[in-house]
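Basis for what follows: all heavy atoms, side chains included, without hydrogens, waters or symmetry-related copies. Atoms within each ligand, like the ligands themselves, are counted from 1 in listed order.
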Amino acid sequence: MTAVETYEVYAIRYATLARKASDNFIGGDPHEAGSALDYYVWLARSSSHLFVIDTGFDAQVAERRGRKMLLSPELGLKRLGVEAAAVRDVIITHLHYDHIGNFAMFPKATFHLQDKEMQYATGRHMTQTLFSHAYEVEEVTAMVRRVYEGRVKFHDGEAQLAPGLSLHHIGGHTMGIQSVRVHTRIGWIVLASDATHLYANMEQVRPFPIVHDVGAMVEGYRRLRELADDPRFVVPGHDPLVMQRYAAAGPGLEGVAVRLDAEPRP
Ligand SMILES: [Zn+2]
């Protein structure tokens with residue numbers, strides 16, 4: 001049996017958006033104060049494996065959708081010593097625009113995706129704007145092209161990609177969203193991506209309003225906690241608190257990247 005590997009894990013914050021708290025919770029009170037969303041890509045590396053998790057949106061889409069880009073995910077990775085052009089494995093948690101832009105930056109990569117996410121993004125639900133508005137048809141089409149190039153590895157449910165790193169289909173937010181469980185020096189942590197956008201969605205069981213299946217989303221909150229060694233080790237997909245709870249990944253990386261394989265501050 002192969003020994004479990006231990007990973008260094010990073011969140012790179014590449015964009016931000018100021019908005020109302022009521023935009024972030026089903027049934028939210030429109031009088032609540034502001035609640036920003038941050039946009040991240042993640043990196044997990046051991047002595048023998050390296051995975052990039054999601055690829056972020058590009059500057060063009062950011063401008064069209066009114067998001068404030070802070071730096072390109074490519075540059076963020078470079079500042080952690082990773083050349084995007086050399087990356088072999090990219091995990092796509094789901095196909096929403098803020099998770100799958102910048103394809104061209106990863107010419108050598110295989111993209112890991114759940115069967116159900118491709119089914120969802122190309123199927124009947126996309127005839128409704130309610131479900132399609134967070135997808136970019138050109139990006140979904142680009143992923144279909146990667147399928148025909150043999151560069152997409154499909155997964156159905158759970159999959160171990162390397163000792164100490166596995167994928168877990170969660171669903172809810174989209175039909176095929178998956179989260180990533182990673183073994184680190186503090187134990188098993190979970191990169192939830194948008195299975196929970198904010199800590200509060202999961203902790204208070206107040207779902208985020210962009211949702212395919214509310215029941216699956218709420219069940220997912222329970223599953224995320226179960227997968228992590230400690231509920232505090234579940235890392236939400238868009239919470240600005242991530243940048244406060246974890247220390248900068250190194251000198252000069254304050255506000256850019258944090259190290260997630262460390263005890264979060266309370
Ligand atoms: Zn997202």
Could you please tell me which protein N, O or S atoms lie under 2.8 Å from the Zn ion (ligand 1)? D98 OD2, H99 NE2, D194 OD2, H238 NE2
For this output row, return yes or no: ring centroids of [X] and [Y] closer than 6.0 angstrom.
X	Y	answer
H96	Y135	yes
Y39	F57	yes
H99	H238	yes

With a 3.5 Å cut-off and no angle check, do the side chains of R67 and Y14 form a donor-acceptor pair? no
Without hydrogens or angle criteria, can the side chains of S48 and E5 be said to hold a donor-acceptor pair below 3.5 Å? yes
Counting only heavy atoms not in E63 (residues, nucleotides, ligands), do more than 12 fall under 6.0 Å from its CD? no
